[in-house]
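Positions are given from 1, in the same order as the sequence printed here. Computation of the quantities below employed the complete heavy-atom set of this structure, encompassing side-chain atoms and omitting hydrogens, waters and symmetry-equivalent molecules. In this text, all values refer to a predicted model and were calculated from it rather than measured experimentally.
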Amino acid sequence: EVQLVESGGGLVQAGGSLRLSCAASGFTFDDYAIGWFRQAPGKEREGVSCISSSDGSTYYADSMKGRFTISSDNAKNTVYLQMNSLEPEDTAVYFCAASGGNCPWGSSGLYDGMDYWGKGTLVTVSS
């Protein structure tokens, strides 16, 4: 059974940090890219970042560059999203998702036609 389980969400003050984890199982981790998406209340889901497990290539949405860092521990089948300098606008449910091959990143950012999805973890940033 394929599973993607997010953890690490919570309540943090503006300017603070959180590290999200995405633990994957049920598929060959090294053959997939793992992406992070988020969906704020009343807004569409947006791509945040992605890492290709095969070569470690990383991608970020413009508003996250310099604040968020994605990394992967292939031995643990886990991807992390370190989020620093958080802003109230970062409040959202954060989802991780897996896509076979490399990150499906294009001119519009991370393509959301991923193969597998987690259930999400809530991040709330207070002002």
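Aromatic pair F68/W36: ring centres not closer than 6.0 Å. You'll find the ring centres of Y32 and F27 inside the 6.0 Å limit.
Taking CE from M64 and OG1 from T69, the interatomic distance works out to 12.5 Å, rounded to the nearest 0.5 Å. Here D115 contributes atom CG and S99 contributes atom OG; the two are 5.0 Å apart, rounded to the nearest 0.5 Å. Going from atom CG of L18 over to atom OG1 of T124 covers 9.5 Å, rounded to the nearest 0.5 Å. Separating the OG atom in S126 from the CD atom in Q13 is a distance of 5.0 Å, to the nearest 0.5 Å. Between the CD atom of Q3 and the OH atom of Y116 there is a distance of 12.5 Å, given to the nearest 0.5 Å. In this structure, CD in Q82 is found 9.5 Å from OG in S21, a value given to the nearest 0.5 Å.
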Apply side chain to side chain contact (heavy atoms under 4.5 Å, CB included) to F29 and S72, showing your working.
CA-CA 10 Å; F29 187 79; S72 178; 3.4 Å; yes
Do V79 and I70 pass the side chain to side chain contact (heavy atoms under 4.5 Å, CB included) test, and can you show the C-alpha distance, the side-chain angles, and the key distance before you say yes or no?
CA-CA 7 Å; V79 169; I70 193 169; 3.7 Å; yes
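Residues C50 and P104 share a closest heavy-atom pair of SG-CD, 4.4 Å. For the residue pair S49 and L81, the shortest heavy atom distance occurs at CB-CD1, 4.1 Å. Here the closest heavy-atom approach between residue A14 and residue P88 is recorded as CB-CD, 4.1 Å.
If you check the side chains of S57 and D55, you find a donor sitting under 3.5 Å from an acceptor. For the residue pair N74/S53, the side-chain donor-acceptor check at 3.5 Å is not satisfied. Using a 3.5 Å distance cut-off with no hydrogens or angles, the side chains of N84 and S17 do pair a donor with an acceptor.
Between the S108 side chain and the G106 main chain, no donor and acceptor come within less than 3.5 Å of each other. The main-chain N or O of I51 is never found under 3.5 Å from a side-chain atom of T58 such that the two would form a donor-acceptor pair. At distances below 3.5 Å, at least one donor-acceptor pair connects side-chain atoms of T121 with backbone N or O atoms of G9. E6 places no side-chain N or O within donor-acceptor distance of the main-chain N or O of C22, the cut-off being under 3.5 Å. Checking side-chain atoms of Y59 against main-chain N and O of V48 turns up no donor-acceptor pair under 3.5 Å.
With respect to the salt-bridge test (charged N to carboxylate O, under 4.0 angstrom), the residues R38 and E46 qualify.
In this structure, F37 is not a member of the same hydrophobic cluster as I34, with clusters built from ILVMFWY side-chain heavy atoms closer than 4.5 Å.
Using a 30° and 60° split on the angle between ring planes, F95 and W117 fall in the perpendicular class, above 60°.
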